[in-house]
Amino acid sequence: MFEKDYFYKNIFEFCDDPIIIFDKDYFIECNQSAIETLGLLSKNDIKSMHHSQISPLYQADNQVSSIKFQNLLNECQEKDFIKFEWLHKTIKNENFYVETFLKKIIFQGREVFFAKWKKLDEIKRLEKELEKQNILISQKREYIHKINEIIENSDVDKEKLLDTLFLLNEYKNAIDESSIVSKANNKGIITFVNDRFCEISGYKKEELIGKSHNIIRHPNMTKEFFKDMWNTLLNKEIFRGIITNKRKDGEPYYVDTTIIPIMDNNHNILEYIAIRHDITQLFEKEKIIQEQFLDELTSLDNRQKLLKDLKTLINPKIAIINIDRFRNINDFYGFEIGDLLLKEFANNLLKYKSTNLNIYRISNDIFVFLAFGNFSLNELKKVCNTLLKNINFEPIHVNENNFYLTISIGVACTCSNELISDNLLTRAEFALRVAKENNKNILFLDENMNIYDKLKENRQLIKNLRNALLKDNLLVYGQKIVNNKTNEIKYETLMRIQLEDGTILSPFRFLEASKKAKLYLSMTRKLVKKACNYFKDTNIEFTLNLTLEDLKDSYTMNSIFNTISKTKTAKQITFEIVESEGIEEFQEVNNFIINAKKIGCKIAIDDFGTGYSNFEYTIKLDIDIIKIDGSLIKNIHLDKNLELTVETIVTFAKALNIKTVAEFVHNKEVYECVKKLDIDYSQGYYLHEPEKLI
């Protein structure tokens with residue numbers, strides 16, 4: 001096995017043709033010729049690439065490259081060795097044809113594929129040139145035949161006349177094929193221009209004839225470009241390329257140019273014909289499109305380009321990078337320094353750019369690494385950790401100021417069962433937010449998926465809540481509160497949400513989510529309205545639960561009092577204030593109690609004995625009822641300390657003439673103990689399970 005590996009590595013060293021060894025998923029080894037042909041920098045580049053990145057989407061026969069490639073691999077596995085033509089592309093998306101020799105081999109102890117290419121572009125070019133020469137010969141023969149008929153008895157030099165007429169015909173064809181035409185002698189001096197040439201350049205014919213084409217040369221065109229052009233022409237080959245020219249007024253224009261060397265019958269260059277097509281409009285349009293994908297400040301790709309790439313690149317992974325507290329820099333140093341700092345930071349990030357790692361600026365101080373292909377998640381994590389290390393120890397210099405930045409990073413990769421673009425970016429943004437909330441420099445979402453799953457559940461829950469409210473699926477349940485002496489009953493009204501599948505949710509499931517989604521207050525208003533309309537025109541008392549959030553919202557409180565006024569239910573209502581929400585905000589609570597009592601409502605403090613229990617506040621507030629929290633009641637028959645605590649609360653309440661309610665009465669033993677302590681009311685599943693009222 002070692003000898004075979006050595007044999008193939010020797011081939012790498014001595015073979016001039018490109019060679020690659022690969023398996024079904026990864027490139028394993030290649031030679032220098034393959035690296036140069038594909039436009040790569042090193043072997044490391046190709047080892048991080050996917051097969052699809054060196055082939056266009058479609059082959060020359062219009063077959064999808066990925067499908068055809070797989071079929072060829074299957075064929076090679078059956079036959080061991082096959083030969084075929086293939087259309088490849090460089091990393092700059094330049095296509096080229098090759099004849100490929102593909103063989104199944106054993107390399108480094110496993111079965112892989114050995115591919116050797118022979119470029120066909122030169123062969124194809126020579127074939128086309130030969131075809132063209134054959135056409136020219138055929139045309140020349142035709143001319144000879146026709147002219148021989150005309151000058152059969154003439155003393156004119158027939159061969160010279162034929163050559164002249166043939167050259168004139170070539171000029172005619174060139175002019176007919178294009179609207180912008182010029183001729184130059186074999187020294188490159190202009191000898192002819194057509195009207196369209198003058199029109200687009202802004203020069204008159206007399207200003208151009210006798211001059212070099214340098215008169216319209218744009219400074220953006222490099223010396224190397226024209227050196228390659230003249231090497232092609234002096235080699236008696238046709239040159240084709242896009243050239244930026246300069247008008248007389250200095251404005252650029254763009255032409256798709258073909259320059260043809262014209263030869264005499266001894267195959268010496270006589271002159272050159274240049275045929276051009278004006279593509280300025282197309283070029284400017286493409287330029288505008290490119291600018292739409294470019295961040296103006298840093299020249300990095302922008303958010304739009306990121307979204308576009310996410311839809312096309314294979315196996316993407318994202319790292320979102322946020323400069324911490326960047327606003328402080330803008331506030332203290334000014335926006336001009338802030339912009340310069342962002343440009344320098346962007347330049348630092350470019351150090352990490354590679355064949356399969358793109359860099360973007362998607363908003364003010366937020367940047368993105370997008371890894372794709374076979375660039376693994378672990379490699380991206382290493383890059384991010386290296387960035388963090390370097391940022392911490394290397395200041396950025398701007399106008400004699402040294403900035404030691406800190407950054408936060410959120411990293412996410414694609415999930416096979418989800419759409420790529422939107423969800424990947426959303427997950428990465430979520431990872432960044434969680435990192436910042438938890439004061440972490442970096443958070444890898446794949447290691448914290450439980451947090452993300454919880455977020456998804458909350459999003460779905462909020463969606464369900466909105467839908468339930470739109471369809472009026474907020475339900476009013478009631479649980480009886482029983483008088484321990486008279487057995488008279490009243491009801492605590494409870495909120496429930498019914499989902500489309502019939503599932504009933506209690507507040508324990510949705511209360512926090514509804515508050516975060518700004519739905520809670522509207523749910524309170526809806527429940528109050530439904531409960532008041534249900535109990536109006538009866539003598540049944542009922543309670544309504546309010547939190548401090550309800551009490552602080554003037555619109556909600558006005559709505560509640562208006563509903564009570566319309567239904568005339570004030571004397572039936574006891575408002576239960578949830579103590580754990582912050583009963584110590586005395587003034588706001590007291591103001592509400594005063595207003596509620598004015599119209600005849602009673603006031604109860606819910607969950608007394610937990611949270612912010614404070615006997616002093618209770619004395620100051622005009623309270624009618626204390627509801628003793630279930631955590632003190634449910635095991636009161638088993639724990640003497642609990643019994644003593646509840647007894648103290650009852651004694652305190654009786655001294656203030658406040659009624660008491662025991663919550664969580666779940667069995668007979670608890671019920672008997674509650675009555676023995678002389679608690680006024682009992683509530684719990686032993687007496688009554690909540691039931692749907694509306």
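As the structure is a computational prediction, the values presented were derived from the model and not from experiment.
For Ser65 (side chain) and Leu57 (main-chain N/O), a donor-acceptor pair under 3.5 Å exists by modelled atom type. Remark: side-chain polar atoms of Arg217 are not paired, donor with acceptor, to backbone N or O of Lys246 under 3.5 angstrom. Distance alone, capped at 3.5 Å, is enough to place a donor-acceptor pair between the Lys317 side chain and the Phe375 backbone. A donor-acceptor pair under 3.5 Å links the side-chain atoms of Asn31 to the main chain of Asp17, judged by distance alone. Put simply, the side chain of Ser514 never gets that close to the backbone of Leu519: no donor and acceptor are under 3.5 Å apart. In terms of modelled atom types and a separation under 3.5 Å, the side chain of Asn356 and the main chain of Phe372 share a donor-acceptor contact.
Considering CG of Asp80 and CG of Leu102, their distance stands at 10.5 Å, rounded to 0.5 Å. To the nearest 0.5 Å, atoms NE2 (His213) and CD1 (Ile243) are separated by 9.0 Å. Annotation: the span from Gln53 atom CD to Lys89 atom NZ amounts to 7.5 Å, rounded to 0.5 Å. For the atom pair CZ (Phe84) and CZ (Phe101), the distance works out to 10.5 Å, reported to the nearest 0.5 Å. Rounding to the nearest 0.5 Å gives a distance of 8.0 Å between CG of Asn347 and CG of Leu300. To the nearest 0.5 angstrom, Leu357 atom CG is 7.5 Å from Leu370 atom CG.
Side chains of His218 and Asn245: no donor on one and acceptor on the other come within 3.5 Å. Remark: the Ser408 side chain and the Asn322 side chain contain no N/O donor-acceptor pair separated by less than 3.5 Å. Side chain to side chain, Asn74 and Glu78 fail the donor-acceptor criterion of an N or O pair below 3.5 Å. With no hydrogens or angles considered, no side-chain donor-acceptor pair links Asp553 and Tyr520 at under 3.5 Å. Inspection of the Gln304 and Asn302 side chains reveals no N or O donor paired with an N or O acceptor under 3.5 Å. Under the 3.5 Å distance criterion, with hydrogens and angles disregarded, no donor-acceptor pair is assigned to the side chains of Asn348 and Glu344.
For Tyr253, there are no ring-ring contact (aromatic ring centres under 6.0 Å, His included) partners two or more places apart in sequence or in a different chain. A search for side chain to side chain donor-acceptor pair (under 3.5 Å) contacts involving Asp501 returns Thr503, not counting sequence neighbours. The side chain to side chain donor-acceptor pair (under 3.5 Å) search around Gln77 returns none, not counting sequence neighbours. When the ring-ring contact (aromatic ring centres under 6.0 Å, His included) test is applied to Phe326, no partner is found at least two apart in sequence or on another chain. Taking the side-chain contact (heavy atoms from CB on, under 4.5 Å) definition, one finds that Asn473 meets it with Ala468, Lys471, Gln498, sequence neighbours left out.
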Quiz item: For Thr406 and Arg325, what are the C-alpha separation, side-chain angles and deciding distance, and is it a side chain to side chain donor-acceptor pair (under 3.5 Å)?
Solution: CA-CA 8 Å; Thr406 61; Arg325 298 174 294 281; 3.2 Å; yes
Quiz item: Yes or no on salt bridge (Lys or Arg N to Asp or Glu O under 4.0 Å) for Lys436 and Asp324, after CA distance, side-chain angles and deciding distance?
Solution: CA-CA 9 Å; Lys436 293 178 81 69; Asp324 297 328; 2.9 Å; yes
Exercise. Show your working on side chain to side chain donor-acceptor pair (under 3.5 Å) between Glu75 and Asn71 and close with a plain yes or no.
Key: CA-CA 6 Å; Glu75 184 182 350; Asn71 291 337; over 6 Å; no
Quiz prompt | Residues Phe27, Asp45; criterion side chain to side chain contact (heavy atoms under 4.5 Å, CB included); working and verdict | solution = CA-CA 10 Å; Phe27 294 112; Asp45 285 345; over 6 Å; no
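No salt bridge links Lys305 with Asp295; every basic N to acidic carboxylate O contact stays at or beyond 4.0 Å.
Within a 6.0 Å sphere centred on OH of Tyr58, other residues, nucleotides and ligands contribute 12 heavy atoms or fewer. Around the CD atom of Glu437, the shell of radius 6.0 Å holds more than 12 heavy atoms that belong to other residues, nucleotides or ligands. Atom NZ of Lys382 has 12 or fewer neighbouring heavy atoms from other residues, nucleotides or ligands inside a 6.0 Å radius.
In plain terms, the two heavy atoms of Cys30 and Lys43 that are nearest each other are O-CE, 3.0 Å. In terms of heavy-atom proximity, Asn315 sits nearest to Gly373 at CB-O, 3.5 Å.
Relative orientation of the Phe22 and Phe113 rings is parallel, given thresholds of 30° and 60° on the angle between their planes.
For the pair Ile67/Gln63, no side-chain contact is recorded, criterion being any heavy-atom separation below 4.5 Å from C-beta on. With contacts defined as side-chain heavy-atom distances shorter than 4.5 Å, the pair Leu306/Asn358 does not qualify.
The stretch residues 220-232 participates, sequence neighbours left out, in no salt bridge (Lys or Arg N to Asp or Glu O under 4.0 Å) pair at all.
Judged by the 6.0 Å distance and 45° axis criteria, Lys103 is not positioned over the aromatic ring of Phe114.
For Tyr333 and Phe403, the ring centers are positioned less than 6.0 Å apart.
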